[in-house]
Amino acid sequence: MRVTQSILSGNMLKNIHQNYQRLGKVQEQLSTGKKITRPSDDPVIAVKGMNYRTNLTEVEQYERNLGEVYNWLENSEDALEKSSDVLQRVRELVVQASNDTYDEKQRNSIAQEVSQLKEQLLSIANTKVGGKYIFNGTNTQEERITNGVIDSSKTGKAVMLEISKGINIQANVDPDKVFNDDLINTLTLLVTDLQDPNSNNQSFQDDLTKLDQTLDTFNDERSELGAKYNRIELVEYRLSEQVVNTKKMISDNEDIDYEKAILDLKIQESIHRAALDTGARIIQPSLVDFLR
Amino acid sequence: MRSTFHGLETARRGLATQQTALQTTGHNIANANTVGYSRQRVNFTQTEPYPAPSMNRPQIPGQLGTGVEASSIQRVREGYLDLQYRGENSKLGDWESRNQGLGRLEDLLNEPSEYGLSKTLDRFWQSLQDLANSPENNGARSSVRQRGLEVSNTFNYLTDSIKKFHTDTEAEEKAAIDTINYLASQINKLNEEIGNVEPHGYLPNDLYDQRDVLIDQLSKLTEVQITVEKSQGNSLAMAEGKYTIELAGVNGSKHKLVDGVDKTFNNPIDNTFQSNSGKLRGLSEAKVTYTDMLTDIQKISSDFVTSFNALHTQGKGLKDSSNTVPSGIEFFKIDANGRMDVTDSIKDSIDGLNNIAASNDGFPGDGTWAMSLSTSLSKPKSEYEKIIASLGVRAQEANRMVYNTDVLLQSVEKNRQSISGVSLDEEMTNMIQFQHAYNASARTITAVDEMLDRIINNMGIVGR
């Protein structure tokens, strides 16, 4: 093959141009920290990257949703604990009053305290957290009990929150189980019995049984809340694992291996230097330099 | 008997021919860097020997050489390399334009990143989930409205940009067509000049070179087919003749652009010409890509709007100013031009936020419908991912084809340079060779001169 100056200088230019392209690629990788910057660099990595990003968004959102569930559970638990205390106090008072040594006057003053406690329970039923009545289901904008009466048409349904893809959990306490007509009736009956001058030890036994049943339902709900709490703690743990894993997958998928990239840079740099050096030597001399 | 002055004539011919060769060397060196220049060489031929065979020839021992002449000046070039070069050049032009089109789409869609449509849809999904958590909260509601607007704007931005790309490409196509017609008219002019020179027995080498450069340029824009029309008169066998230029269209059709026989160019192409290869073809492919992408994006947005609205109309909002629970309201709308937007009932400054249907049972604290709404985002997302994947694969192929055809083109160009390129070392060597021959011819004249001097001035003077 006949080789001329213009072939050599053309080759040299082409090679240097190619080296610059490779250097540019390594530079882009090192400065962005990413293996790819556009889908055509590697379509598989690109689409995987989009997918992982969506997964990460979802998992992070579910963590946020969990925070909301925690809010509901903790506030409900607080309120139920207070209610239990109140009911316990009512029970003590009733047991005290059921003693037939208590006269009418004493029972009347107990009746007064019990009716105060009843008011307290009703106000707990209307607990409002962050602008929501937490014991009225999905109807969070209206009170559970108005003027001591429950309007069943105003009772909302279960408040469901999504804590993982397709997994929903009920965040509220079923209002009909705790703050229901039974509770109000039992307490109203108690007050009536306490005020009744004909009441005796026997007439309070029935009330006590009913009271115990109510207390039991409160305690049942509290233990269910506790169980739910444990369950979502588990979900939370799993989600946080998932966040770490997804971030790692995104990184494995798209991030460059710095050691490799820097090594590539070094190799490219020396190739580039060599190309410049040989180029400079080759294009310099011609026969003209040696003719007299 | 031969002439006494025979040697002088032989040497004179030597002088003249070597001088011609030296001048051609000078021309080569001068054009070493001219684009498309092919090195030229002088074809040396021995002149007729003496004596010619005839009845009255002098009886001398043998035929005597009479020197040299420059029979022709020819350019050194291989026609089939031009053919290869132009074929690859057409392919390169084709793929470069396609690659450019796909690259612009990749830049526009900007995936994978934190700023593309994918992220926008994710953000809308997030806002719906937040709404599911606190459906009675106006902050969550207005965030859904804003993110919904963001989704609409992103879709509109994408479709507007793709339409813009399409218009840009049409303008580029028009420029390419103008260039093709301009090049053809130039080639036609050169055809005329070449047709005037060749019948006189000359080779218009520099005109050939100029014409080849123009055809190279033309071949990048569209596929060119050349038929040679030989010149009449005293034209040499080496003469390259006039070119008839035909452009290859789709389905084997041809468009005669320049007629080499009657040396005319009166049939310029317009935008109805569908090229088979070259930049023109690449641009029309890019337009198809844009149109397809636009259709795909618009299908995703309209499908999404339809399914989202179908769900949204079934959900229930918050009690509005007239104290009723709104239902049956659409969230998005698409107008006749394909522009997406949030409906006026959602944008409404008084009841807009209440109209967002987050609830299933009609109570304000129920967010299950917002949850259902959020699931309708998975379909557009997966459709969009398919688009990105296929775009990536196609752009990758185009990148590779541009690289491959470029490598082939470079290699053909190297072969062409190897044949036709000027080597300064070679020209220097030739120069010295011709110079020495010139000097030696001059010395022969001196020798003959001395011989003649002996005969004329110093003969027949015995004893003087």
Side-chain angles (χ1 to χ4, degrees), chain A residues 1-7 10-11 14 34 36-54 56-58 60-62 64-65 67-69 130-133 136-142 154-162 166 168 171-172 254 286-288 291, chain B residues 32-33 102-103 106-107 109-112 114 116 118-119 121-123 125-126 129-130 132-137 319 359-361 363-368 371 374 381 384-386 388-396 398-399 410 413-415 417-419 421-426 428-429 432:
Chain A
M1 179 156 175
R2 182 174 167 273
V3 179
T4 66
Q5 272 88 6
S6 59
I7 293 185
N11 273 349
K14 195 183 81 195
K34 299 279 175 204
I36 64 158
T37 45
R38 40 177 48 226
S40 58
D41 290 340
D42 192 326
V44 179
I45 288 188
V47 173
K48 266 191 184 168
M50 287 167 70
N51 244 320
Y52 290 153
R53 278 184 170 74
T54 303
L56 186 63
T57 314
E58 283 179 0
E60 282 173 349
Q61 180 65 39
Y62 290 137
R64 239 156 97 171
N65 295 1
E68 194 67 23
V69 178
K132 302 177 187 186
Y133 292 103
N136 203 21
T138 50
N139 193 6
T140 53
Q141 301 304 298
E142 283 174 292
K154 283 185 178 168
T155 308
K157 310 237 165 47
V159 174
M160 302 300 284
L161 294 177
E162 194 172 7
N168 300 343
N172 68 330
E254 311 173 356
S286 82
L287 188 57
V288 184
L291 293 176
Chain B
N33 293 325
L102 292 164
E106 279 191 300
D107 287 341
L109 297 178
N110 197 9
E111 300 287 355
E114 306 298 327
S118 184
K119 189 69 192 174
L121 292 175
D122 279 350
R123 280 157 62 98
W125 180 87
Q126 265 181 313
Q129 285 275 328
D130 282 341
N133 290 343
S134 345
E136 56 285 268
N137 184 321
K319 269 185 193 161
S359 166
N360 185 28
D361 60 13
F363 286 124
D366 179 25
T368 45
M371 231 188 275
S374 77
K381 281 215 55 162
Y384 180 61
E385 271 171 25
K386 273 187 219 155
I388 294 295
S390 98
L391 176 66
V393 171
R394 288 181 61 194
Q396 200 181 27
N399 273 335
Q410 297 292 341
E413 172 60 12
K414 209 154 117 184
N415 287 338
Q417 280 298 315
S418 172
I419 301 287
V422 175
S423 157
L424 290 178
D425 293 346
E426 188 181 295
M428 282 295 121
T429 316
I432 287 164

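Below, each value reflects all heavy atoms present in this structure, side chains not excepted, and no hydrogens, waters or symmetry copies. Below, read A as the first sequence line, B as the second, and so on, with proteins coming before strands; counting in each chain starts at 1.
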Worksheet item: For Leu291(A), is it the side chain, the backbone, both, or neither that has a heavy atom closer than 4.5 Å to a heavy atom of chain B?
Response: side chain

Worksheet item: Is any side-chain heavy atom of Gln61(A) less than 4.5 Å from a side-chain heavy atom of Asp130(B)?
Response: yes

Item to complete: Could you tell me whether the side chain of Leu161(A) reaches within less than 4.5 Å of the side chain of Asn133(B), counting heavy atoms only?
Response: yes

Worksheet item: Using a cut-off of under 4.5 Å for heavy-atom pairs, which of Ala398(B), Ser418(B), Ala32(B) has the most such pairs with chain A?
Response: Ser418(B)

Item to complete: Step through the shown structure and confirm whether more than 12 heavy atoms of other residues, nucleotides or ligands are within 6.0 Å of NZ on Lys119(B).
Response: yes

Discussion item. With a 6.0 Å cut-off (strictly less than), is the heavy-atom count around NZ of Lys381(B), excluding the residue itself, greater than 12?
Written reply: yes

Worksheet entry | Proximity breakdown for Ala389(B) and chain A, heavy-atom pairs closer than 4.5 Å | both

Discussion item. Heavy-atom cut-off 4.5 Å, strictly under: side chain, backbone, both or neither for Thr429(B) against chain A?
Written reply: both

Item to complete: Please tell me if the side chains of Arg64(A) and Gln126(B) come closer than 4.5 Å, counting only heavy atoms from C-beta onward.
Response: yes

Item to complete: Mind checking the OG-CZ spacing from Ser118(B) to Arg53(A)? Nearest 0.5 Å is all I need.
Response: 8.5 Å

Worksheet item: Does Asp366(B) pair with Lys157(A) as a salt bridge, N-O distance under 4.0 Å?
Response: no

Worksheet entry | Contacting region of Asp41(A) [heavy-atom separation from chain B under 4.5 Å] | backbone

Worksheet item: Under 4.5 Å between any side-chain heavy atoms of Pro135(B) and Thr140(A), yes or no?
Response: no

Worksheet item: Heavy-atom distance under 4.5 Å to chain B: side chain of Lys14(A), backbone, both or neither?
Response: side chain

Discussion item. Restricting to non-hydrogen atoms, name the atom on Gly392(B) and the atom on Pro39(A) that form the minimum distance, rounded to 0.1 Å.
Written reply: CA-CB, 3.7 Å

Fill in: Partner chain A: residue of Asp361(B), Leu102(B), Val393(B) with the largest heavy-atom pair count (under 4.5 Å)
Asp361(B)

Fill in: Residue Asn33(B) versus chain A: region with a heavy atom under 4.5 Å
neither

Worksheet item: Tyr62(A) versus chain B, heavy atoms under 4.5 Å apart: side chain, backbone, both or neither?
Response: side chain

Worksheet item: Looking only at heavy atoms, what is the nearest atom pair of Thr155(A) and Phe363(B), with distance?
Response: O-CE1, 3.4 Å

Discussion item. Need one label for Glu58(A): side chain, backbone, both or neither, based on atoms under 4.5 Å from any heavy atom in chain B.
Written reply: both

Worksheet item: What residue, out of Ser359(B), Pro364(B), Gly367(B), has the most heavy-atom pairs lying under 4.5 Å from chain A?
Response: Pro364(B)

Fill in: Pairwise distance CE(Met50(A)) to CG(Leu109(B)) - rounded to 0.5 angstrom
9.0 Å

Discussion item. Is Leu391(B) in contact with chain A via its backbone, its side chain, both, or neither, using a 4.5 Å heavy-atom distance?
Written reply: neither

Worksheet entry | chain B interface, residue from Lys132(A), Glu254(A), Glu60(A) that has the most non-hydrogen pairs under 4.5 Å | Lys132(A)

Worksheet item: Looking only at atom types and distance, does a side-chain atom of Glu136(B) sit under 3.5 Å from a main-chain N or O of Gln141(A), one as donor and one as acceptor?
Response: no

Item to complete: Would you mind telling me which of Arg394(B), Lys319(B), Glu385(B), Gln410(B) has the largest number of heavy-atom pairs within less than 4.5 Å of chain A?
Response: Glu385(B)

Worksheet item: Can you say whether Ile45(A) sits under 4.5 Å from chain B via the side chain, the backbone, both, or neither, judging by heavy atoms?
Response: neither

Worksheet entry | From Leu424(B) atom CG to Ser286(A) atom OG, the distance as rounded to the nearest 0.5 Å | 6.0 Å

Item to complete: Quick one: which of Asn65(A), Asn51(A), Ile36(A) has the most heavy-atom pairs under 4.5 Å with chain B, could you say?
Response: Asn65(A)

Discussion item. With side-chain contact (heavy atoms from CB on, under 4.5 Å) as the criterion, how do Asn11(A) and Lys414(B) come out once you've worked through the C-alpha distance, each side chain's angles and the decisive distance to 0.1 Å?
Written reply: CA-CA 9 Å; Asn11(A) 273 349; Lys414(B) 209 154 117 184; 3.6 Å; yes

Practice prompt. Give, as side chain, backbone, both or neither, the part of Glu413(B) having an atom under 4.5 angstrom from any heavy atom of chain A.
Written response: neither

Fill in: Inter-residue atom distance Met371(B).CE - Glu162(A).CD, 0.5 Å rounding
5.5 Å

Discussion item. Show, in sequence, the C-alpha distance, side-chain angles and deciding distance for Asp425(B) and Gln5(A), and conclude whether the side-chain contact (heavy atoms from CB on, under 4.5 Å) test is met.
Written reply: CA-CA 8 Å; Asp425(B) 293 346; Gln5(A) 272 88 6; 3.2 Å; yes

Item to complete: May I have the step-by-step check of side-chain contact (heavy atoms from CB on, under 4.5 Å) for Met1(A) and Asn415(B), ending in yes or no?
Response: CA-CA 8 Å; Met1(A) 179 156 175; Asn415(B) 287 338; 3.9 Å; yes

